[in-house]
Structures are given as structure tokens and as C-alpha cells.
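In what follows, a structure is listed as C-alpha cells, so that the remarks can point back to it.
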There are 4 protein chains.
Amino acid sequence: MHNPVPQPKKPTRIQQEKTRAILDAALDVFSKYGFRGATLDQIATAAGMSKPNLLYYFAGKEALHQALLERLMETWLEPLQKLDAAGDPLDEICAYVHRKLELARDFPRESRLFANEIIQGAPRIADSLTGQLKPLVDEKAAVIGAWARAGRIADVNPHHLIFSIWSSTQHYADFDTQINAVLGSAYPDRFTDADRFLEQMFRRALGSGEKSAKPVVSD
Amino acid sequence: MHNPVPQPKKPTRIQQEKTRAILDAALDVFSKYGFRGATLDQIATAAGMSKPNLLYYFAGKEALHQALLERLMETWLEPLQKLDAAGDPLDEICAYVHRKLELARDFPRESRLFANEIIQGAPRIADSLTGQLKPLVDEKAAVIGAWARAGRIADVNPHHLIFSIWSSTQHYADFDTQINAVLGSAYPDRFTDADRFLEQMFRRALGSGEKSAKPVVSD
Amino acid sequence: MHNPVPQPKKPTRIQQEKTRAILDAALDVFSKYGFRGATLDQIATAAGMSKPNLLYYFAGKEALHQALLERLMETWLEPLQKLDAAGDPLDEICAYVHRKLELARDFPRESRLFANEIIQGAPRIADSLTGQLKPLVDEKAAVIGAWARAGRIADVNPHHLIFSIWSSTQHYADFDTQINAVLGSAYPDRFTDADRFLEQMFRRALGSGEKSAKPVVSD
Amino acid sequence: MHNPVPQPKKPTRIQQEKTRAILDAALDVFSKYGFRGATLDQIATAAGMSKPNLLYYFAGKEALHQALLERLMETWLEPLQKLDAAGDPLDEICAYVHRKLELARDFPRESRLFANEIIQGAPRIADSLTGQLKPLVDEKAAVIGAWARAGRIADVNPHHLIFSIWSSTQHYADFDTQINAVLGSAYPDRFTDADRFLEQMFRRALGSGEKSAKPVVSD
DNA sequence: TATGAATGAGAATTCATTCAT
DNA sequence: GATGAATGAATTCTCATTCAT
């Protein structure tokens, strides 16, 4: 009965623009208020259109949220996918940390949307977690585990290492408000410092002890 | 107009019990669904009473949420307050990590309530952040900074160190669903492994290089 | 989440009255406009209360409609259930016709509600049709069939006889508007004439030929 | 303001085809869901065109429904019009029954559309009922009445006889769902049996008693 | 003609809060 | 203290209709 813009062929220019505008507005609102807290009114207003018009492009609130999450998942998995078993262990891991931090800096709304969803039990994304995320994490954890067993990095639990990378980077997006409150808005360039700190931390934590090839120069 | 609890002097036992039950139920529901997603019906049912009865004890949804957050703030600040400038730097920091992880394990609902609030811009807790949290963090950051400058720990940015401790520990409460999805429900005792991993990580990251007093033997 | 008047014990007086008023109003409106055509606004207004108040007693439009249909089914089956295999065939059948016509006269709204539901494919009552109605009809059709085979009534198809009784009696309720238009509102006492006509018709149709025991005196 | 079909002179073939398609689709949908329950979306989809396109041919939902009813009325009156005062009374009446049953078999959607309209108070067809239907019925009732007074058929109330013919035949279209539920989908050829039954019934009911010219042999 | 786009007027339902007992 | 009853203000979603091309 609903007519979700039948575009078996090619989406019109106007469709693309509107869709983009809606998704952007929805990301804004959902990431700020959560699924239940967000209202279509807010989103429609933010997207510069009427509510029925918004519903002309997306079947409903749920569908809109879903569309956001789906687009998000790819972006979210990509940094870890790039972790290369053939690369230098420490460099690979630090590069991963770096990419994740960039994501937090450049896509904080996406990060918060994701965080909101997970915190509330992932009712709308649970499948992707076990279907896409888990296999990828297991695969990369195996890579890291192999590095550790080979003595190329310190002997750490790979899964928990990944968790600590996730949390310490995403924190800058998700808990932005708190960081602002603590650092003050005058604090310049928190991401540069965060990047430096995290690289230093993970490099030292994982470096195989005494022979830290690349001594981190902090400050 | 509203008469929260008539006698400020001695709250009846019944009053205390009811209040306790309501706060517990509210914590359950708010932490799971967020402020807007939670309904007084859910909370009242979970607390085993009628909605009007609940509203006899708390002036409204907002007030109930506020009460939870206020109680929470103390608990939340305590571990950091215990960080002792006079203690051994590494031990103090590791003890802090440990206490935070215990909080995440023992009070995951509180952690999620807090996370929900922060992610959504802390509309109801902003004052506490700048009024209570910031001063404390600044104070302890100064302590850590002094340790670093004295060469007693590695030269790290104290604020970002604190952020990384917060995030990597709270992650086990806030992103519990995701961790479950990745580790599988069969994974035993994730907190033990997390504790071991985090201690190892922070000890290596902060240890002043070659003379790591307490070499952590994981596994 | 919904609190459909938790009356595990005994419904309050006020509950009974309101429930009664709502069901009555709903019958009015549903029978006149069909399920989709009826609005809760209409029903609530007709019941003399606000829409949310109505929804305090019934979980929703669907549930309200369902409640009506369920109450209806009993009433609707009763006349046929009374058809007694041990009675005089013609008398039994004529009594059934009579009872059905009385129902049409006294409960036209119920009849129209039922008709509306059936005409539209019985989406909300299909189960009752095959679960309750069919067995009963089959049973009574067997009785009639036995009478016919025994030569106690004319040899008619019992199922189609039942259909003709249903249709010719319910017609006076369901097609009331049309009958009014044809007969004019001045026509007195259409049910008396209908009763006389139907009794005559079925008696002659079923009477075993020449020896019509009870000659019908029409006019 | 609205320009239904510009050229009243020669409707294009395309116009005719579209109009036909729309009316057919509308009949489908209206007869199944009632006026309020039907949506233009459904109808447009069923007619294989867009909603605005449909509205190019018909001024609105109301107008479309009206158009259907008007076309219907002729078809609906025809069988009764053919009742010939000069024919054999019993044969004429049975032929009428037969034609009505054929209509029910061949045009069940039309029958249900009509039934829906009447049951809901005929808000959109009341005029036709008193303007066209009533005169015709009165005329034919007079014919039947004359036959009865002349002793050519049993002495029955002509109007109620007509009602019983209407109801017992249309029942097979309008209450199709119920009949299916009772007879089961395996029941073959219900219209043949219905025809036999109804002919038998009306012939016996109207036959002038002892000298039933054409004894009906059922089964 | 035809259709993608847009919308205002409902309609169902939810929910925090108030009232009365 | 406690609760059944009630409601106004949303909030999501539907749908007939209109607009612009």
C-alpha cells in the first residue's frame, strides 16, 4: 500500500537530494535524542520539509532509522577490514587506531547513533552485530593473536585489545559533551593530542618490550 | 503545590522502601530505553505500584530522572577521588582502572544511564559535569602530570589518559550488547580477562620504560 | 504496556457501565460505517467520553470490534441451536424462521455488523465461521436431511434451505434502508407481514405435498 | 474547475479503455473494502496507473463510487423489468429468480458493492432507490398481486415475495465468504444446487396448491 | 496525458499528569 | 497513602487531493 518511491530504474535528482537531506537530518536528530526521543517532526523540520513529504520517501520512522544503520555499518567495519596481516604489527594496529579516531572526529553523529543503538540493547541492529561484526572481529583477532604468539607484539588478549581501541577512540565522539565540559571549549585541537596519546599508549603497550623499534616521542 | 515527602525529618520505613523500589525500577528502565524512551508505566509496573502512587513520591518523570543522576554522580566520582598523590603512581593508576572496571561490572545500569545522558548532550547533568567533575579531573590530572614530569610514569597527557581509562572500562558496561555479540555468550568471565588486559596495557603504557617493576604475565 | 482494566477480581460498577456504553456506541457506529469507516472519535462521542478514556477500557479499535463480534456470535448461533431434532419438522423450521426474524427486528445493528464483516471477507471472524458456525450448521443440516429422507418434509437441500432462511430474515435488518425506500415509511408493521409471508412460504415449500396439516391463513 | 473528460463527443479508445480499467479496479476494491475502507492507491494500483492519472478521469473518490453505482442500477433493475405480466405467473417468477441468481453468480462484486452501500444507509444511492427502484417494484408488485388475486399463484404478499427473492439470491454473492466457510471449498457447483433449491422452493410456495403443474424433481 | 512531488486534514495511539475518592 | 479514572498534548502514520512539469 505504501509507495516507497518506486525506483527500480534510476532515482531522480530530486529524489537523491531529498533522500540525502532526510538522512542527514535524521542522523542529526537520532544521534542526539535516540530512536524514541527523536520525532519525525524534528527530522522533517531539520530536513526542510513537511512530515508527510518525509514519509513519501521513507516508509516510517523505523525504516528511516534502519536505513541509517545500514549505511553506517559499512563505514564502521571498514577500518578494521584494512588491518593487514602482512603488514608490520605495531604499524598496522596504530594505523587502525588512527583511522578509528579519524572516524570519531569526522563522523561523530554516526558514532553516537551507533552508541545509542548498542547501549539500548541493539534492538534494531543485533543481526548485523553477529552476522557481520563478529566474523570480522574474530578474523582480525586471530591475526593479532598470531602476531602475539610470534612475539611480534606483546602477549595481549586480541579481543580485549580491539575493545580498548574501539572504546578509547569512539569516546571522543560519543562522550564529546563530557570531554568539552572537562577540557573546556578553549582546549585546542583535542584530536591531535588524543591521536598522539593513543599512539603512544598502544605502541608502548604492545611493543615487544625493550626493543621498541620506533620510540615514541611524546611532546 | 506538590508535596514530595511531607516529613523531611523521618521518612517512614515504607517511604524509604518505596523510594528505593522506584529508583531501582527507574534505573532499570531509564538505562535500557533512555529518558524519552522510558515510560512511567514501565517504571511503575517494575516498581510494583500504580502510576499515581509513583508520582506521589516523585514529582514527575524529570524529577525521577534527576534524582537518579544525582545519586549516581557521587558513586561515579569516588574512584577518581581515591587516586592518591602520595601513593605509587603506577599502582594508583592501576587501582583506579581496577575500581572503574568493578563499577562497570557491578553497576552497569548506572553506567548506561550516565552514557545515555552524556551521549544525548547531558541536558540534565551539564551542571554537575562542569561543577563537580571538571574540578576533580583537573585536580587529579595535575597529580598525574606531576608524576609524569617527575619521570615516575611515562610522559603522557593526563587528561587523555583519564579519558582512555574511563572509556576502556565503561565500555564493558555500556557496550555490553556488542561485546556479547562478539565474544558469544559462552565466553566465560570477560571481566577477569578485561582486568588482566587493562592492567597490562596501562602498566606497560605508563611504565617508565626498561624497569617495569611488575612484569605482567598474562595467561 | 497497555493496561486493559486489570479486572482479575470484579469489575467496578463504573467499569461495567462504561464498558456497556462503549460497546453500545461501537455497535452503533461499526454497524453503520463498517470497521474502516468508523472512527474512534465517533464512538467516543457517541459513548459520551473522550477518545483516550475509551482507550482506557479497550486496547484499540481492533480490540473493540473483536469484543463486539465475540459477543455477537453466541447470540447469532442460538436460534439454530434450538432447532430440535425431536420436534415436529415443519414447526421446528418455522420456529427457527420466526426466531431469526425476531433477531433481525430486535438486533438490526448486530445483524448489520455481522453482514459488514462477512461481505468484506470476514477478516476478523473467519475462525469463528469455520470453528463454530460450520459444525453447528452441518449438524442441523443433518437433522433436516434426515427429516427430508424420512418424507416428513419436502426433499430439499438442507444447507441451501438454511441459507435461504438466513438471507430472507436478515434482509429485514441488513437492507432496512432499501426496504424503507420501497415500502415507504408509512408502511405499518413490516415485521408482522414479513413473518406471515415467510411462515407461509417455508410451510408451503416444505410441506409434504397435499396434506398440509396446518393450512396457512394469509391475509 | 475540473475537466473530467474534455471531449464529450468522441472519447478516445485510450480513454475508454482507461475508464473501463478504473471502473473495474474500483469495483474490485470498493466491493471488498467498502467506500471508506477503499483507498485510491489501491484502486490506482489495481488499474495499473498512478493516482493523479486516475483522478484525471474521475473527479474524486466520491465521483468514482457514484459512477459505479449508476452503472450498477440499470443492471440491477433489468431482471425485474423483464417480469412479464402477460407470461405464466409461476414461470415468470421462477425466471426472475433464475436471472437474479445468475447475476449473483456472474456479478458478485456488483452485488457486494450494492450491499455495502445499502447496509451503510445508502448515503450515495438513496435517490435512485426511491426514484427508480420503488416505482419499478411497486409496478411489478401490482402484477404479482393481480396474479394472486386471480388465483394464479398462492395468495402472498408481493412486496415481501420480492424481498425474499432478492435476499435469497444475492446471499450467494454477498455472503460468499460465509457460504464458503460452511460448505467448504470442496463443495462443487453451489450455484447449480442453489438454483434447483430456489426454483423448488418458490414453485411450491407459490403453486396454487393441489395442481402443481410442473412437479419439481430434486436430486 | 501522465506522473513525481507535496500537503492538510484526519485517525489511531501513547503518555505524563491530574482528579477524585 | 493508594488507586481507578480521565484527559490534553503529542506523535506516528494515512489518504484524498493538488501542484508542477
Side-chain angles (χ1 to χ4, degrees), chain A residues 1-3 5-7 11-15 18 36-44 49-64, chain B residues 1-3 5-6 12 14-15 18 36-44 49-57 59-64, chain C residues 1-3 5-7 11-15 18 36-44 49-64, chain D residues 1-3 5-6 12 14-15 18 36-44 49-57 59-64:
Chain A
M1 223 88 309
H2 183 77
N3 216 351
V5 188
Q7 80 277 48
T12 316
R13 193 166 316 107
I14 213 170
Q15 278 180 3
K18 290 268 177 158
R36 294 278 304 265
T39 76
L40 288 185
D41 253 320
Q42 285 176 295
I43 298 171
M49 66 187 68
S50 69
K51 220 182 335 178
N53 194 193
L54 185 158
L55 289 167
Y56 175 75
Y57 291 94
F58 288 89
K61 193 182 185 182
E62 196 86 28
L64 182 51
Chain B
M1 201 107 305
H2 187 81
N3 212 350
V5 175
T12 314
I14 273 192
Q15 284 178 349
K18 291 263 181 165
R36 296 276 306 264
T39 75
L40 287 187
D41 250 319
Q42 287 177 294
I43 298 172
M49 68 187 68
S50 69
K51 228 185 329 180
N53 195 192
L54 183 158
L55 288 167
Y56 175 80
Y57 290 95
K61 193 183 186 183
E62 195 88 25
L64 182 50
Chain C
M1 222 93 306
H2 183 79
N3 217 351
V5 188
Q7 78 278 46
T12 316
R13 192 166 315 108
I14 215 172
Q15 279 181 3
K18 290 267 177 158
R36 294 276 305 265
T39 76
L40 288 185
D41 254 321
Q42 287 176 293
I43 297 172
M49 65 186 71
S50 68
K51 217 182 338 176
N53 195 193
L54 184 158
L55 289 167
Y56 176 75
Y57 291 94
F58 288 89
K61 194 182 184 181
E62 195 86 28
L64 182 50
Chain D
M1 199 107 305
H2 186 80
N3 211 351
V5 174
T12 314
I14 273 195
Q15 284 177 349
K18 289 262 181 166
R36 295 276 304 267
T39 76
L40 287 187
D41 251 318
Q42 287 177 294
I43 298 172
M49 68 187 67
S50 68
K51 225 183 333 177
N53 196 191
L54 183 157
L55 288 168
Y56 175 80
Y57 290 94
K61 193 183 186 183
E62 196 86 26
L64 182 50

Annotated structure of DNA chain F as dot-bracket, pair cut-off 3.5 Å, Watson-Crick or G-U only, | for inter-strand, is .||||||||||||||||||||
Check your understanding: Is any side-chain N or O of Arg36(C) closer than 4.0 Å to OP1 or OP2 of dA11(E)?
Key -> no
Problem - Phosphate OP1/OP2 of dC15(F) contacted by Gln42(D) side-chain N/O (<4.0 Å) - result: no
To the nearest 0.5 Å, atom CE of Met49(A) lies from atom CD1 of Ile43(A) at 11.0 Å
Atom CG of Asp41(A) and atom C1' of dA10(F) are separated, to the nearest Å, by 9 Å
Can you tabulate the close N/O pairs, meaning under 3.5 Å, that link protein atoms to atoms of nucleotides 7-9 of chain E?
| from | atom 1 | to | atom 2 | distance (Å) |
| --- | --- | --- | --- | --- |
| dT7(E) | OP2 | Ser50(A) | OG | 2.8 |

Separation of dC15(E) atom P from Lys61(B) atom NZ, nearest Å, is 8 Å
Leu55(D) atom CG is separated from dA6(E) atom C1', nearest whole Å, by 14 Å
Residues passing the side-chain hydrogen bond (donor to acceptor under 3.5 Å, both in side chains) test with Lys18(B), sequence neighbours excluded, are Asn53(B)
Under 4.0 Å from OP1 or OP2 of dG4(F): is there any side-chain N or O of Gln15(C) that close?
no
Whole-Å distance, Ile43(C) CD1 to dG10(E) P, equals 18 Å
Describe the nucleic acid contact of Ala38(C) in one word from base, sugar-phosphate, nothing, applying a heavy-atom distance below 4.0 Å. sugar-phosphate
Between OH of Tyr57(C) and P of dT13(E) the distance, given in whole Å, is 18 Å
Salt bridge (Lys or Arg N to Asp or Glu O under 4.0 Å) filter on Lys51(A), not counting sequence neighbours, yields Asp41(A)
In whole angstroms, the gap separating P of dT11(F) from CG of Leu40(A) amounts to 10 Å
